[in-house]
Amino acid sequence: MDTLSLRLVPDALWELVEPLVPGFAVRPQGGGTAPLDDRAVFTAVVYVLVSGCGWRELPTQFGVSVPTAHRRFTDWTKAGLWTRIHHEVLDRLGAQDLIDWSRTVVDAAAIRAKGAP
């Protein structure tokens, strides 16, 4: 791994994320290539998310094609990976008493839909 990859996804973060990443499913129609390393794909996705670049500008240095990175991002989003990572981080911080819940803000709004009884 290069320096940028390790900065984006350090070992400690990967240790938290790895067990949460959904397993790779073989395509029902067969064919395709062997699955890429989940950490490489995760790192490529993190790069796109934190840099703000478009998927098509994903640097080749990550060794992940644009379609693969985008497809896995979409699959992981549908599988709820990002929410699970968020909850895992909160759980770990909470277990160490590192969250100050007195500074939490909860906001909500409710409006009646037109035509609803």
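Note: His70 NE2 to Asp75 CG = 10.0 Å, rounded to the nearest 0.5 Å. With rounding to the nearest 0.5 Å, the separation of CG in Leu93 from CD in Glu88 is 10.0 Å. Taking CG of Asp38 as the start and CH2 of Trp76 as the end, the distance is 5.5 Å to the nearest 0.5 Å.
Note on Trp101 and Leu98: same hydrophobic cluster, where clusters join Ile, Leu, Val, Met, Phe, Trp and Tyr whose side-chain heavy atoms are under 4.5 Å apart, directly or indirectly.
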May I have the list of side-chain donor-acceptor pairs in residues 54-62 shorter than 3.5 Å, sequence neighbours left out?
residue, atom, partner, partner atom, Å
Glu57, OE1, Gly54, N, 3.1
Gln61, NE2, Asp2, OD2, 2.9

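Looking at Ser5 and Tyr47, their side chains never come closer than 4.5 Å, going by heavy atoms from C-beta outward. In this structure, the side chains of Trp82 and Phe73 come closer than 4.5 Å at one or more pairs of heavy atoms. Looking only at side-chain heavy atoms (C-beta outward), Arg84 and Pro22 come within less than 4.5 Å of each other. Between Arg39 and Asp11 the shortest side-chain heavy-atom distance falls below 4.5 Å.
Leu8 and Leu13 make their closest contact through O-CD2, 3.9 Å (heavy atoms, listed as atom of the first residue, atom of the second, distance). Contact record, Leu90 with Ile99: O-CD1, 3.5 Å, taken as the closest heavy-atom pair.
In this model, no donor atom of one side chain and acceptor atom of the other lie less than 3.5 Å apart for Thr77 and Thr74.
Under the rule for a side-chain contact (heavy atoms from CB on, under 4.5 Å), the partners of Ser102 that lie at least two apart in sequence or sit in another chain are Asp100.
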